[in-house]
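Report on the structure given below.
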Amino acid sequence: QLLSNSKEKILQSHIENLPFILQSTTWSEFIKQAEKKGSAIADSLLKTSPDNQKYIRISISYGEFNNEILFCGITNDHTQEEEYLKEVHQKKEELASAYKELLSTEEDLKKQYLHLMEMKEALQKSEHQYRSIFNDAILGIFQLTPDGEYIKVNPAFANMLGYNSPEEMKKGELTFF
């Protein structure tokens, strides 16, 4: 609507009739703010078509000249800046989400690590108990391959066969068959 008007028609229009939609104030409040402080700045939307809008920053200054009240306005299109800020905000949210996920993953990994350490300790304890039972038994215990070769023998079994240790027995290349 604004873009189809002539310069003269726009200049003759009352500011409230222009198609700017102020985001945080009304036109009356905006003008009063300029009168009070000497100038004011407001962000607005300008709908150029039903599916297109621009972000416009409006700056107005108030003054008197020859006993006339004058308002001088400057508009600045900062659509690209707003779009960039939206993109930055979106990326910031994505990074925050990824960071939160990373922290969650780190916490899960710590829990898994602690669980694995507990399992490792339990396994080492169990292995130590097995070795103690195997090595300290008064009964002879051995393990063979299907071909009759010794895989493991305990000290009691090695002693029963006349050896001083299981290692000495294995070196003797004795087979069960």
Side-chain angles (χ1 to χ4, degrees), residues 1-136 143 145 151-152:
Q1 183 183 10
L2 174 67
L3 300 176
S4 64
N5 290 328
S6 67
K7 178 181 173 183
E8 290 78 26
K9 189 170 183 179
I10 293 171
L11 289 173
Q12 293 171 0
S13 297
H14 189 277
I15 195 164
E16 290 183 6
N17 295 331
L18 295 177
F20 295 105
I21 302 167
L22 294 178
Q23 294 180 327
S24 61
T25 188
T26 64
W27 281 108
S28 300
E29 291 170 352
F30 186 46
I31 291 169
K32 284 179 188 175
Q33 185 182 8
E35 284 177 324
K36 184 177 177 182
K37 295 182 178 180
S39 66
I41 297 173
D43 289 330
S44 68
L45 287 175
L46 172 62
K47 292 208 175 244
T48 55
S49 68
D51 58 342
N52 190 14
Q53 63 185 20
K54 292 183 178 256
Y55 294 91
I56 305 294
R57 183 158 289 141
I58 302 172
S59 304
I60 60 172
S61 296
Y62 167 83
E64 292 183 27
F65 183 72
N66 290 338
N67 292 329
E68 278 192 53
I69 296 173
L70 297 175
F71 286 95
C72 177
I74 298 173
T75 60
N76 180 20
D77 182 354
H78 65 114
T79 303
Q80 287 181 334
E81 178 183 335
E82 285 294 320
E83 289 171 357
Y84 175 74
L85 289 174
K86 282 181 183 178
E87 186 179 326
V88 167
H89 182 69
Q90 180 183 358
K91 295 291 182 190
K92 182 180 174 185
E93 287 178 353
E94 289 172 7
L95 283 173
S97 176
Y99 180 70
K100 191 182 267 187
E101 186 179 330
L102 184 62
L103 287 178
S104 174
T105 301
E106 180 185 21
E107 191 63 33
D108 289 344
L109 287 173
K110 283 180 183 177
K111 287 177 184 176
Q112 289 176 8
Y113 174 77
L114 291 174
H115 180 69
L116 287 173
M117 296 284 50
E118 289 171 0
M119 290 180 66
K120 179 182 173 186
E121 287 178 24
L123 181 62
Q124 287 174 338
K125 184 178 177 182
S126 175
E127 184 180 338
H128 177 72
Q129 288 173 337
Y130 166 78
R131 286 183 192 276
S132 293
I133 292 170
F134 185 80
N135 290 330
D136 297 340
Q143 187 178 16
T145 66
I151 298 171
K152 280 187 175 181

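Given the structure is predicted, the values throughout are model-derived calculations rather than measurements. Here, residue 1 is the first one in the sequence, and each next residue gets the next number.
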| task | Rounded to the nearest 0.5 Å, what's the gap from NZ on Lys54 to CG on Leu45? Could you check? | result | 12.5 Å
| request: Mind checking the OH-NZ spacing from Tyr113 to Lys110? Nearest 0.5 Å is all I need. | output: 12.0 Å
| field | Asp77 side-chain N/O to Thr79 backbone N/O, donor-acceptor pair under 3.5 Å | value | yes
| request: Taking the side chain as every heavy atom from C-beta outward, state whether Glu106 and Leu103 have any pair of such atoms under 4.5 Å apart. | output: yes
| Minimal non-hydrogen separation, Tyr62 against Ala34, with atom names | CB-O, 3.3 Å
| request: Establish, from distance only, whether the side-chain atoms of His128 and Gln124 form a donor-acceptor pair under 3.5 Å. | output: no
| message | Please give me the minimum heavy-atom distance between Ile60 and Ile31, naming the atom from each residue. | response | CD1-CA, 4.2 Å
| message | Under 4.0 Å between a side-chain nitrogen and a carboxylate oxygen: does that hold for Glu127 and Arg131? | response | yes
| note | The reported gap from CG in Leu109 to CG in Leu116 (rounded to nearest 0.5 angstrom) is 10.0 Å
| said: Can you tell me how far apart CZ (Phe134) and CD (Gln143) are? Round to the nearest 0.5 Å. | reply: 7.5 Å
| said: Surrounding CE of Met119 (heavy atoms of other residues, nucleotides or ligands, distance under 6.0 Å), is the total greater than 12? | reply: no
| Gap separating the CD1 atom of Ile41 from the CD1 atom of Ile58, nearest 0.5 angstrom | 11.0 Å
| note | So NZ of Lys152 and CG of Asn135: to nearest 0.5 Å the spacing works out to 9.0 Å
| request: Report yes if some heavy atom in the side chain of Tyr99 is under 4.5 Å from a heavy atom in the side chain of Leu95; otherwise report no. | output: no
| message | Just to verify, which of Glu93, Lys86, Glu87 counts as forming a side-chain hydrogen bond (donor to acceptor under 3.5 Å, both in side chains) with His89? | response | Glu93
| task | For atom CD of Glu101, decide whether the heavy atoms of other residues, nucleotides or ligands shown that lie under 6.0 angstrom number more than 12. | result | no
| said: Is it the case that atom CD in Glu64 sees more than 12 heavy atoms from other parts of the structure closer than 6.0 Å? | reply: yes
